[in-house]
Q: 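This is the structure I have questions about; it appears just below.
Atoms within each ligand, like the ligands themselves, are counted from 1 in listed order.
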Amino acid sequence: MIEVNNLSKTFKGKTVLDNISFSVAPGEIFGFLGPNGAGKTTTMRIILGLLNPSSGQATLNGKNLAKDDAARSKVGVLLEVDGIYDRLSAYENLRYFADIYRIPNREARINELLEFFDLNGRRNDPAGKFSKGMKRKLALAKAIMHKPEVLFLDEPASGLDPEAQKNFRDLILSLSREGNMTIFLNSHDLDEVQRICNKVAIIKGGKLLAWDSLANLGRKNRQPGMELSFGNTADIEQAEKLLTSAKLAIDIHRTQEGLTLTPAEGADTSQIITYLAGHDIKLEEVRKLKRSLEEIYLETMKQETR
Ligand SMILES: Nc1ncnc2c1ncn2[C@@H]1O[C@H](COP(=O)(O)OP(=O)(O)OP(=O)(O)O)[C@@H](O)[C@H]1O
C-alpha cells in the first residue's frame with residue numbers, strides 16, 4: 001500500500017505540491033494524471049525517496065523509502081530517461097543490472113525477461129540499434145528484473161507509435177495480472193490511462209482535484225449520457241420537444257437516427273422511456289453512453305478554474 005499524507009513541496013518559495021493525500025492499494029493500476037508541470041514527477045520522486053518533502057509524508061507499506069533499503073528493493077522504476085547503454089547488447093545491459101542487483105539465478109532470469117519482452121532474437125545486438133519501442137521494453141525488463149512489488153512508470157509510452165504503445169500497454173497489463181504487481185503510472189495520455197488503469201487521481205498546479213475509480217468519477221460530475229434511436233424519423237423532433245418541455249433531459253442533440261441526451265437531475269433512463277412511450281413514440285434502441293476520461297478530465301479542469 002502506497003500512502004501519501006498531506007504532502008507539500010516548495011522549491012525556492014514556490015509551492016509545487018499543495019497538501020495532497022491519496023493512497024494506492026496493492027494490485028491496483030493507478031493513473032496519476034495532470035498537465036505539464038502539475039507535480040506528478042515530484043510526487044513520484046518523493047514517494048521513491050529521491051526527494052524530501054517540505055511537509056507531510058509518503059510511505060510504502062508504512063516504510064519511508066528514503067530511509068529503508070529493504071523497502072526500496074520492493075520497487076521498480078522506469079523514468080522518462082531509460083538509462084539503457086547504447087553500446088551494450090540487450091543481454092549485456094540486463095547482465096550489467098543483474099550483477100548490480102545481485103539477482104539470483106541470473107542467466108535464467110535474463111533469458112526469461114528477453115523471452116517475455118520478445119527481445120531474444122536481438123539479444124546480442126547493441127541497444128543503440130534498437131527502435132524506441134524495443135528500447136522501452138528493454139528498460140522495462142531492467143526495471144522489473146528483481147520482481148518488484150510496485151512498479152513506477154513515468155510517461156512510459158511517450159514518443160512511441162500507436163502499435164508500440166498498444167504493445168507496451170499489453171505488457172503492463174500482463175505484469176499486473178500475472179506478476180500481481182501494483183502499478184503507479186504518471187501520464188498525460190488520457191487514452192492510455194482509460195485503457196489500463198482502475199483508479200485515477202488528477203493533479204493540477206500541485207493540488208489534487210480528484211481521486212477515484214474511473215466509474216465513480218464518471219458518475220460524480222454528471223450522469224452519463226444516453227443515445228436514443230427511433231424507427232420513425234418523424235418522431236425525433238417530437239421526442240426532442242417533449243423531453244425539453246417536460247424538463248426530463250439536458251444537452252439534447254440530434255444525430256442521424258435519433259438523439260443523444262443527458263437525463264436531467266432527478267430523472268433517469270426508465271422515466272424517459274416510459275414518458276416517450278406514453279406519448280406514442282416508439283424507440284428502436286436505447287444505449288447508455290460511457291463518458292470518456294477525456295470528458296471527465298476536461299470537466300475537472302474547468303471546475304477548478306471556476
Ligand atoms: N528541482 C527543481 N527545482 C525547482 N523547481 C522544480 C524542480 N523540480 C520540479 N520543479 C517544478 O515543479 C513543478 C512540478 O514539476 P513536475 O516535474 O513534478 O511536473 P509534472 O506533472 O511531472 O510535469 P510533466 O508532465 O511535464 O513531466 C514545475 O513547475 C517544475 O518546474
Side-chain angles (χ1 to χ4, degrees), residues 2-24 28-60 64-66 72 75-84 132-133 135-136 139-140 143 150-162 164-165 168-169 172 182-197 199-212 214 217 292-294 296-305:
I2 298 167
E3 281 184 284
V4 171
N5 287 316
N6 303 110
L7 201 65
S8 292
K9 179 70 185 174
T10 309
F11 285 115
K12 293 189 188 122
K14 185 181 159 213
T15 300
V16 299
L17 287 182
D18 190 0
N19 199 27
I20 65 169
S21 301
F22 62 89
S23 60
V24 181
E28 210 162 85
I29 306 187
F30 172 79
F32 201 30
L33 273 173
N36 291 122
K40 303 182 294 295
T41 306
T42 304
T43 306
M44 193 184 265
R45 292 182 67 206
I46 293 175
I47 299 172
L48 290 169
L50 302 172
L51 192 68
N52 287 324
S54 303
S55 61
Q57 61 266 330
T59 54
L60 170 65
N64 179 343
L65 295 196
R72 205 161 43 228
V75 306
V77 186
L78 178 58
L79 299 175
E80 276 177 284
V81 184
D82 41 40
I84 290 295
K132 218 168 179 175
K135 247 181 160 174
R136 292 306 277 170
L140 186 55
V150 187
L151 179 61
F152 287 85
L153 302 166
D154 200 1
E155 306 281 349
S158 72
L160 299 186
D161 66 42
Q165 280 188 14
F168 210 78
R169 275 199 304 267
I172 293 171
T182 306
I183 307 224
F184 187 116
L185 172 79
N186 272 2
S187 184
H188 32 214
D189 184 338
L190 299 171
D191 189 46
E192 173 178 81
V193 170
Q194 174 140 31
R195 282 167 199 263
I196 65 175
C197 297
K199 201 86 179 264
V200 177
I202 301 178
I203 185 172
K204 185 185 176 194
K207 288 194 163 71
L208 204 73
L209 304 185
W211 168 46
D212 213 331
L214 272 177
L217 276 179
S292 70
L293 181 57
E294 187 176 2
I296 298 168
Y297 179 82
L298 293 175
E299 236 169 65
T300 309
M301 291 286 145
K302 257 196 289 177
Q303 279 174 357
E304 204 265 343
T305 49

Q: Please name all residues satisfying salt bridge (charged side-chain N to carboxylate O under 4.0 Å, His left out) with Arg72, sequence neighbours left out, ordered by chain then number.
A: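 Partners of Arg72 under the salt bridge (charged side-chain N to carboxylate O under 4.0 Å, His left out) test: Asp69.
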
Q: List the closest protein heavy-atom neighbour of atom 26 (O) of ligand 1: residue, atom name, distance to the nearest 0.1 Å.
A: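 Answer for atom 26 (O) of ligand 1: Asn36 ND2, 2.9 Å.
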
Q: Determine whether Phe152 and Val75 make a side-chain contact, defined as any pair of heavy atoms from C-beta on separated by less than 4.5 Å.
A: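 Answer yes - side chains close enough.
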
Q: Write out the residue and atom name of the closest protein heavy atom to atom 18 (O) of ligand 1, then the distance separating them to 0.1 Å.
A: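 Sorting protein heavy atoms by distance from atom 18 (O) of ligand 1 puts Thr42 OG1, 2.6 Å first.
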
Q: Ignoring hydrogens and angles, state whether a donor on the side chain of Glu192 or Ser187 is under 3.5 Å from an acceptor on the partner side chain.
A: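 The criterion, which ignores hydrogens and geometry beyond distance, is satisfied for Ser187 and Glu192.
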
Q: I need the nearest protein heavy-atom contact for atom 17 (O) of ligand 1: residue, atom name and distance, please.
A: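 Going by distance alone, atom 17 (O) of ligand 1 is nearest to Thr41 CB, 3.6 Å.
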
Q: What verdict does the side-chain hydrogen bond (donor to acceptor under 3.5 Å, both in side chains) test give for Thr59 and Asn64, after you've listed the backbone C-alpha separation in whole Å, the side-chain angles of each residue and the deciding distance to 0.1 Å?
A: CA-CA 5 Å; Thr59 54; Asn64 179 343; over 6 Å; no

Q: Hey, could you give me the OG/CG distance between Ser55 and Leu17, rounded to the nearest 0.5 Å?
A: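 Nearest 0.5 Å value for the OG-CG distance: 9.5 Å.
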
Q: What is the nearest protein non-hydrogen atom to atom 25 (O) of ligand 1, stated with its residue, atom name and distance?
A: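 Going atom by atom, the protein heavy atom closest to atom 25 (O) of ligand 1 ends up being Lys40 NZ, 2.8 Å.
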
Q: By the ring pair (Phe, Tyr, Trp, His ring centres under 6.0 Å) test, which pairs, at least two apart or in different chains, include something from residues 29-52?
A: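 Every pair satisfying ring pair (Phe, Tyr, Trp, His ring centres under 6.0 Å) with a residue in residues 29-52: Phe22-Phe30, Phe22-Phe32, Phe30-Phe32, Phe30-Phe184, Phe32-Phe184.
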
Q: At under 4.0 Å between heavy atoms, which part of His188 makes contact with ligand 1: side chain, backbone, both or neither?
A: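 For His188, only side-chain atoms sit under 4.0 Å from ligand 1.
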
Q: Flag Gly37 as yes when one of its N or O atoms lies below 3.5 Å from any N or O atom of ligand 1, and as no otherwise.
A: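 Between Gly37 and ligand 1 (N or O atoms, distance only) the closest approach is under 3.5 Å.
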
Q: First locate atom CG of Leu48, then atom CG of Leu60, and finally report the distance between them rounded to the nearest 0.5 Å.
A: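 Answer rounded to 0.5 Å: 9.5 Å.
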
Q: Considering only protein heavy atoms, which is closest to atom 12 (O) of ligand 1, and at what distance to one decimal place?
A: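 Ranked first by proximity to atom 12 (O) of ligand 1 is Val16 CG1, 3.1 Å.
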
Q: Would you say Lys14 touches ligand 1, if touching means a heavy atom closer than 4.0 Å?
A: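 True for this residue.
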
Q: Under 4.0 angstrom from ligand 1, any heavy atom of Gly39?
A: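 Contact present.
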
Q: Does Ala38 reach ligand 1 with a nitrogen or oxygen that is under 3.5 Å from one of the ligand's nitrogen or oxygen atoms?
A: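 Yes, at least one N or O pair falls under 3.5 Å.
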
Q: Return the residue, atom name and 0.1 Å-rounded distance of the protein heavy atom closest to atom 3 (N) of ligand 1.
A: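 Answer, as residue, atom name and distance: Phe11 CD2, 3.5 Å.
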
Q: Is the closest N or O pair between Arg45 and ligand 1 shorter than 3.5 Å?
A: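 No, Arg45 has no N/O under 3.5 Å of an N/O on ligand 1.
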
Q: Does Thr43, backbone or side chain, put an N or O under 3.5 Å from an N or O of ligand 1?
A: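 No.
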
Q: Does even one non-hydrogen atom of Pro35 get within less than 4.0 Å of ligand 1?
A: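 Contact present.
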
Q: When rounded to the nearest 0.5 angstrom, what distance separates CD1 in Ile172 from CD1 in Ile183?
A: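 Output value for this atom pair is 6.0 Å.
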
Q: Can you tell me if Ser8 uses its side chain to pair, donor with acceptor, with the backbone of Ser54 under 3.5 Å?
A: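 Side chain of Ser8 to backbone of Ser54: no pair is present.
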
